[in-house]
J.: 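Let me begin by handing over the structure; questions about it come next.
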Amino acid sequence: MPLFDLTDAPSEGDLAAIGEGLTAYNAADIGPSGRRPLAVLIRDESGKTIGGISGYTGWGWLFTQWLFVPETLRGQGTAGKLLEAAETEAIARGCHGAWIDTFNPQALRAYQRQGYAIFGELPEFPIGRSRFFLQKKLSPR
């Protein structure tokens with residue numbers, strides 16, 4: 001009988017066991033994902049990373065996990081430029097779609113300006129807001 005161990009501090013090995021098991025299961029079920037990290041970094045004059053995009057491509061999709069624009073660069077189309085750079089690379093990797101989620105109203109508007117459309121909403125996540133899930137069809141420019 002399995003033993004369940006609830007923890008708020010799983011080891012890297014614990015997480016690797018879960019990830020490797022799921023990856024193997026999915027690869028056997030629908031084929032390998034071809035998952036590759038993708039980042040577009042914003043650096044200051046000294047070369048220090050101060051913002052950007054972090055995500056990955058897999059199964060023909062770009063997923064943007066994090067997008068952060070420093071306050072001094074907001075309102076200048078920076079998020080759009082980051083998304084465009086990530087999308088261009090995703091297309092070069094053979095991706096046909098992109099998705100992202102947010103609960104920030106300003107970010108939601110920025111993503112919609114870039115052509116992302118809402119396909120789902122999770123109300124009260126966090127309390128007082130909704131988390132929106134957006135997608136975009138990618139095609140060579």
J.: Got a sec, which residues hit side-chain contact (heavy atoms from CB on, under 4.5 Å) with S11, two or more places apart in sequence or on another chain?
T.: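 Per chain and number, S11 pairs via side-chain contact (heavy atoms from CB on, under 4.5 Å) with D14.
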J.: Any heavy-atom pair between the side chains of E12 and L15 that's under 4.5 Å?
T.: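 No, every pair of side-chain atoms sits at 4.5 Å or beyond.
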J.: So, T102 side chain and N104 main chain: donor-acceptor pair closer than 3.5 Å or not?
T.: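 Judged by distance alone, yes, a pair lies under 3.5 Å.
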J.: What I'd like to find out is whether the side chain of I42 reaches to under 4.5 Å of the side chain of I53, using heavy atoms alone.
T.: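 Counting from C-beta outward, I42 and I53 never come under 4.5 Å.
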J.: Distance from Y56 atom OH to S33 atom OG, nearest 0.5 Å?
T.: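 One finds 8.5 Å between OH of Y56 and OG of S33.
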J.: Are F63 and L67 linked, directly or through intermediate hydrophobic residues, by side-chain heavy-atom contacts shorter than 4.5 Å (ILVMFWY only)?
T.: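 In one cluster: no.
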J.: Could you work out, with side chain to side chain donor-acceptor pair (under 3.5 Å) as the rule, every residue matching R129, not counting sequence neighbours?
T.: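 If we apply the side chain to side chain donor-acceptor pair (under 3.5 Å) test to R129, skipping adjacent residues, there are no hits.
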J.: Does T64 use its side chain to pair, donor to acceptor, with the backbone of W66 at less than 3.5 Å?
T.: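 Not at all, since once roles are kept as given, no pair shorter than 3.5 Å links the two residues.
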J.: Could you pull out the closest heavy-atom pair between G51 and P70, with the gap in Å?
T.: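 Nearest heavy atoms, G51 then P70: CA-CD, 4.4 Å.
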J.: Count I, L, V, M, F, W, Y as connected when their side-chain heavy atoms are under 4.5 Å apart, and connections chain through other members. Are I118 and L62 then in the same cluster?
T.: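 They do share one cluster, since a chain of ILVMFWY contacts under 4.5 Å joins I118 to L62.
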J.: Give the table of side-chain donor-acceptor pairs shorter than 3.5 Å for residues 82-101, with sequence neighbours excluded, one pair per line with atom names and distance.
T.:
{"from": "E87", "atom 1": "OE1", "to": "K136", "atom 2": "NZ", "distance (Å)": "2.9"}
{"from": "E87", "atom 1": "OE1", "to": "R141", "atom 2": "NH2", "distance (Å)": "2.9"}
{"from": "E87", "atom 1": "OE2", "to": "Y116", "atom 2": "OH", "distance (Å)": "2.8"}
{"from": "E87", "atom 1": "OE2", "to": "K136", "atom 2": "NZ", "distance (Å)": "3.4"}
{"from": "T88", "atom 1": "OG1", "to": "E84", "atom 2": "O", "distance (Å)": "2.9"}
{"from": "T88", "atom 1": "OG1", "to": "R141", "atom 2": "NE", "distance (Å)": "3.4"}
{"from": "E89", "atom 1": "OE2", "to": "R93", "atom 2": "NE", "distance (Å)": "2.9"}
{"from": "R93", "atom 1": "NH1", "to": "R36", "atom 2": "O", "distance (Å)": "3.3"}
{"from": "R93", "atom 1": "NH1", "to": "P37", "atom 2": "O", "distance (Å)": "3.0"}
{"from": "R93", "atom 1": "NH1", "to": "T57", "atom 2": "OG1", "distance (Å)": "3.0"}
{"from": "R93", "atom 1": "NH2", "to": "P37", "atom 2": "O", "distance (Å)": "3.1"}
{"from": "H96", "atom 1": "ND1", "to": "G60", "atom 2": "O", "distance (Å)": "3.1"}
{"from": "H96", "atom 1": "NE2", "to": "W61", "atom 2": "NE1", "distance (Å)": "3.1"}
{"from": "D101", "atom 1": "OD1", "to": "R131", "atom 2": "NE", "distance (Å)": "2.6"}
{"from": "D101", "atom 1": "OD1", "to": "R131", "atom 2": "NH2", "distance (Å)": "3.1"}

J.: Name each donor-acceptor pair under 3.5 Å that joins a side chain in residues 74-81 to protein atoms two or more places apart or in another chain, with its distance.
T.:
{"from": "R74", "atom 1": "NE", "to": "V69", "atom 2": "O", "distance (Å)": "2.6"}
{"from": "R74", "atom 1": "NH1", "to": "E71", "atom 2": "OE1", "distance (Å)": "2.8"}
{"from": "R74", "atom 1": "NH2", "to": "V69", "atom 2": "O", "distance (Å)": "2.9"}
{"from": "Q76", "atom 1": "NE2", "to": "T72", "atom 2": "O", "distance (Å)": "2.9"}
{"from": "T78", "atom 1": "OG1", "to": "L73", "atom 2": "O", "distance (Å)": "2.9"}

J.: For a quick test of your reading: what N or O donor-acceptor pairs under 3.5 Å do the side chains of residues 20-30 make, sequence neighbours left out?
T.:
{"from": "T23", "atom 1": "OG1", "to": "G19", "atom 2": "O", "distance (Å)": "2.8"}

J.: Kindly indicate whether the side chain of F125, heavy atoms from C-beta on, has any atom under 4.5 Å from the side chain of S130.
T.: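 No; the side chains remain at least 4.5 Å from each other.
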J.: Quick one: hydrophobic cluster around L41, which other residues, with the 4.5 Å side-chain cut-off, linked directly or via members?
T.: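 None, because no other hydrophobic side chain comes under 4.5 Å of this residue.
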J.: If we only count heavy atoms from C-beta on, is the Q112 to L134 side-chain gap below 4.5 Å?
T.: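 In short, these two side chains touch, coming nearer than 4.5 Å.
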J.: Which atom pair, heavy atoms only, marks the closest approach of P32 to W59?
T.: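 P32 and W59 have their closest heavy atoms at O-NE1, 3.4 Å.
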